[in-house]
Amino acid sequence: MKLSFWLIDINPKIGGACCELWLWGIDQSGSRVLIIERNFNAYFYAVVEEGCDPSKTAAEIMNAYSSSILNAEVVERKFFGKPVQAIKICCKVATETVKLAKTLREFEGVKECLEDDIRVAMRYLIDNDVAPCAWYEMEAEEEEKKSSVRVDKVYDAKSIPKPLSQVEKPQLKTLSFSMISYSREGSPKPDRNPVVIISTVSGDGKEKQFIADDEKNDGPTLQGFIDYVCQFDPDIIVSFGANAKDWDYLIKRSHRLQRTFDVDRSKKEPHTSIYGHVSFTGIANVDLADFMDVFPEVKVKTLSNLAHYLGVMKNESGSEIEDVEFPDYWEDLKKREDLIKFSLNNARKIHISATLLLDFAMQLSNLVSLPLDHVMTAAVGFRVEWFLIKQTRKIGELIPRRIEQAYRPYAGGLVLSPKPGLHDNIAVLDFKSMYPNIMIRYNLSPDTYVAPEEPEPPAGVYETPEVKHRFRKAPPGFYKEALTYLIEVRGKIRVQMKKLNPTTVEYSVLDARQKAVKIITNAAYGYAGWIGARWYIKPVAEAASAWGRHTILSATHLAEKKGLTIIYGDTDSLFLTNETEKLIELKEKIGEDLGLEVEVGEVYKRIFFTEAKKRYAGLRDDDSLDIVGLEVMRGDWAQVAKEVQEHVLEIILKEQSPKNAVIFVRKVIAELKQRKIPFHDLIIWKTLTKAPEEYSIRAPHVEAAKMLKEKGWRLSGGDKVGYVVLSGKGRFHSRVKPYVFATYEEIDVDYYITNQIVPAAARILGFFKVTEKELSREETKESEEIKSLMDYV
DNA sequence: GCGTTCAATGTACCT
DNA sequence: ACAGGTACATTGAACGCG
């Protein structure tokens with residue numbers, strides 16, 4: 001019979017010699033289905049030495065390893081663009097490709113073995129052009145339901161899935177959860193600390209909490225949660241930070257209580273899989289913490305910051321409870337209610353955030369073919385790589401092995417020195433997707449690179465400026481194909497979106513799709529220069545940046561010829577005097593001469609630069625500020641300093657009055673001296689890049705981290721530490737404390753004045769000859785002259 | 001012993 | 001575990017001085 005289904009997940013089921021692929025999905029009627037593919041064989045390629053007879057080698061291999069090989073077929077493939085003869089070797093046991101390939105690398109006549117490291121589930125998806133999070137149709141025969149799996153129907157696959165055009169996703173059952181453990185000794189540990197609250201919110205809005213009666217027995221809490229998950233049977237389970245903490249905790253805690261955390265659809269416990277994530281058979285485990293790199297604007301990667309950024313649950317305030325306060329809240333029966341509510345609110349935040357983020361994750365999963373529960377945990381490089389693997393499959397390029405490479409730096413983008421001061425009416429000219437378009441324009445690709453010792457190909461070559469790398473002009477390389485496809489698809493999506501009402505489901509799905517496409521497009525250049533890339537060829541990345549420098553430099557010359565003044569430029573942008581006619585001419589000329597498209601991006605009524613690159617503030621036409629690179633944008637400055645700087649910039653750009661700015665700064669300083677500035681605005685956050693003990697210098701955030709550790713809080717590389725500066729004697733780093741342990745009384749107000757507010761303000765006002773000393777003065781005296789702006793322009 | 005100088009270290013940002 | 005270019009604070013050793 002014909003079966004239509006939406007693919008959620010795929011996993012290999014390996015038992016003995018046979019390999020089954022389990023496809024988990026939802027059919028048109030909403031039934032949860034498991035489709036079992038029993039006829040897909042894992043394979044790899046043995047590339048034959050030049051001058052060897054591939055048929056003969058294939059026969060010899062077949063003879064020598066008949067017990068493990070199903071068949072060995074001679075095929076024509078390409079490797080880095082060069083035709084090769086290869087033997088496609090199908091293995092009897094799916095997990096043995098790596099072992100067999102290793103052996104065959106030593107085989108007479110075999111030059112190299114490739115693609116043995118492609119796991120069978122991904123192999124199936126790639127070879128059959130099947131991607132998760134989409135509808136398919138296939139021939140399948142219903143078979144007897146297994147008691148070992150939690151699905152409505154089980155099928156035996158009789159064909160390869162064929163894509164259906166249906167866009168809407170099925171009704172997915174999502175379950176969001178958040179948990180709190182009780183520990184008096186810092187970070188909770190499953191061997192000693194119970195899980196006291198678990199809160200869940202299901203996709204249909206049903207809220208449920210599992211709460212321990214007291215901290216001595218969390219057995220019922222856990223069991224209640226386990227039973228509920230099994231009964232609810234989610235397609236997607238959503239959390240914030242569970243991959244790093246909760247799953248392991250729940251599993252270990254269950255074991256301690258002689259229970260099994262067997263909640264997945266094969267009635268087993270989740271297992272840790274590749275890319276350091278936790279895999280549930282048949283269920284997509286989505287951890288919103290893995291989305292945080294999509295939002296670099298959110299500096300401290302917490303659930304509440306994410307929710308706030310997304311505009312989720314705006315109206316609640318002051319209900320934050322810090323980890324260190326959990327035991328106090330739990331022990332006090334009155335405050336316990338607040339903790340329980342806090343936990344439920346966390347689950348709600350996860351649930352609502354998930355509704356805003358899942359479409360994007362599904363589109364990305366579908367675009368690169370990584371299953372939904374892998375795609376956000378996979379690093380950017382791997383997402384790009386799987387997308388490229390899909391492309392190369394179509395053109396017969398063999399997938400290189402990942403080889404350990406030595407790091408060799410190369411020159412990147414060109415940054416022009418800004419003209420310091422205030423400028424009126426400035427337009428920013430941006431090259432559209434500069435690196436992707438350069439790679440397309442000059443056919444930069446791993447399979448088009450012509451090494452120095454190689455002869456020039458018939459179609460000729462593009463030779464890179466400065467670095468003189470050569471790339472064949474034709475035929476197109478697979479980067480060109482892939483990037484052209486991505487840019488075209490995004491263009492089409494955006495055209496479609498313009499015809500739609502932005503509140504429709506279709507619009508938001510398309511928006512998610514175009515975001516996914518954009519991310520992969522923009523990451524392709526970085527991928528090319530990444531030493532971990534399978535297709536790492538340094539000249540490809542080096543050529544792209546060299547063409548980039550050539551392009552922007554040529555553009556500056558053209559702009560100057562037109563009589564435009566260049567204020568600043570960085571990599572693919574030029575800040576120019578906004579003279580409409582000349583800009584239109586320039587855009588055209590750039591298109592003609594350089595073969596790349598530019599567009600006017602931001603237009604500023606007024607813009608301010610210091611002497612520093614990558615730092616400026618512009619005033620847009622609608623009077624909004626665009627602040628770039630300055631302290632305002634940084635996560636490692638106290639909020640009070642950032643707000644002061646922002647307001648100073650506003651005064652400078654709008655009123656052009658350094659005097660008013662100085663008065664304002666002094667007002668805030670006075671407030672701080674009276675401790676009227678909120679405590680939270682004094683916290684400084686810094687990332688721990690390694691374990692605290694590994695630092696060679698005594699840095700403040702490291703010292704604060706050590707204090708947290710002493711109290712039992714676990715910290716490691718990647719964690720952010722929030723600290724405040726206290727008064728007292730001794731070196732700076734000995735005067736800091738984690739903010740959760742500090743009181744306002746201890747705060748060294750002078751530090752915040754001298755090292756935060758004043759420098760942040762002086763960064764801007766220094767240009768107007770206002771000194772730090774002047775800023776630090778307490779009051780503005782009647783007699784005092786603050787030079788007016790006009791004295792300096 | 002104390003203040004100054006400067007390279008090294010560390011973090012975060014921009015495109 | 002996508003790239004290189006850049007700014008800046010703080011540390012800590014070297015240095016100069018008396």
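So you know, we letter chains A, B, ... as the sequences are listed, proteins then strands, and number each from 1. Scope of the values below: all heavy atoms of this structure, side chains included, with no hydrogens, waters or symmetry mates.
Remark: the A:D447 side chain and the A:W535 side chain contain no N/O donor-acceptor pair separated by less than 3.5 Å. Between the side chains of A:H469 and A:E463, no donor-acceptor pair is found at a separation under 3.5 Å. Between the side chains of A:T689 and A:Y695, at least one donor N or O sits under 3.5 Å from an acceptor N or O. Side-chain contact, A:Y604 with A:D626: a donor N or O sits under 3.5 Å from an acceptor N or O. Inspection of the A:T687 and A:K720 side chains reveals an N or O donor paired with an N or O acceptor under 3.5 Å.
Rounded to whole Å, atom P of C:dG4 lies 20 Å from atom CG of A:L416. We find that CG of A:D570 is positioned 16 Å from P of B:dC13, with the value rounded to whole Å. Spacing between atom CE of A:M633 and atom P of C:dA7 amounts to 18 Å, rounded to whole angstrom units. A straight line from CG of A:L630 to C1' of C:dA7 spans 10 Å, rounded to a whole angstrom. In this structure, A:R735 atom CZ and C:dT10 atom P are separated by 10 Å, rounded to whole Å. In this structure, the CD atom of A:Q405 is 18 Å from the P atom of C:dA1, given to the nearest Å. In this entry the distance linking NE2 of A:H701 with C1' of C:dT10 reads 11 Å, nearest Å. One interatomic measurement links the two molecules: CD of A:E542 to P of C:dG4, which rounds to 10 Å at whole-angstrom precision.
Contact annotation: A:S696 reaches the phosphate of B:dG10 (side-chain N/O to OP1 or OP2, under 4.0 Å). Between A:Y616 and C:dA7, a side-chain N or O to OP1/OP2 separation shorter than 4.0 Å is absent. Considering only side-chain N and O atoms, A:R615 lies under 4.0 angstrom from the phosphate OP1 or OP2 of C:dC8. Between A:K299 and B:dC13 there is a side-chain N or O to OP1 or OP2 distance below 4.0 Å. Remark: A:H733 is not in phosphate contact with C:dT10, judged by side-chain N or O atoms under 4.0 Å from OP1 or OP2.
The residue A:A541 sits apart from the nucleic acid: no heavy atom pair falls under 4.0 Å. When heavy atoms are screened at a 4.0 angstrom cut-off, A:R383 is found touching no nucleic acid atom at all.
Of the options A:D593, A:L564, A:L553, a side-chain contact (heavy atoms from CB on, under 4.5 Å) to A:L558 is made by A:D593 and by none of the others.
The side chain of A:P409 approaches C:dG4 more closely than any other nucleotide in the set B:dT9, C:dG4, B:dC13. Comparing C:dG5, B:dA12, C:dT11 by their closest approach to the side chain of A:K720 singles out B:dA12. Taking the side chain of A:V415 as heavy atoms from C-beta on, and the options C:dT6, B:dA12, C:dA1, the nearest nucleotide is C:dT6. Closest to the A:W530 side chain, of the nucleotides C:dC2, C:dA7, B:dT9, is C:dC2. Side-chain proximity of A:Y695 to the nucleotides B:dT11, B:dA12, C:dA3 is greatest for B:dT11. Minimum atom distance to the side chain of A:N755 is reached by C:dT10, of the listed C:dC8, C:dT10, C:dA1. Distances from the side chain of A:Y751 to the nucleotides C:dA3, C:dG4, C:dT10 place C:dT10 closest. In the set C:dG12, B:dA12, B:dC14, B:dC14 carries the atom at the smallest distance from any side-chain atom of A:V628. Distance from the side chain of A:K614 is smallest for C:dG4 among the nucleotides B:dT9, C:dG4, C:dC2. Of the candidate nucleotides C:dG12, C:dC2, C:dG5, C:dG12 has the atom lying nearest to any side-chain atom of A:R731.
A heavy atom lying under 4.0 Å from DNA chain C marks none of the residues of residues 682-693 of chain A.
Cation-pi geometry between A:K419 and A:Y568 is not met: the NZ or CZ atom fails to fall both under 6.0 Å from the ring centre and inside 45° of the normal.
In terms of position on DNA chain C, the residue among A:R763 and A:G526 whose nearest nucleotide sits closer to the 5' end is A:G526.
Taking the six-membered ring for Trp and the full ring otherwise, A:Y462 and A:F471 have centroids separated by 6.0 Å or more.
Under the 4.5 Å side-chain criterion, counting only non-hydrogen atoms from C-beta, A:L726 is in contact with A:V724.
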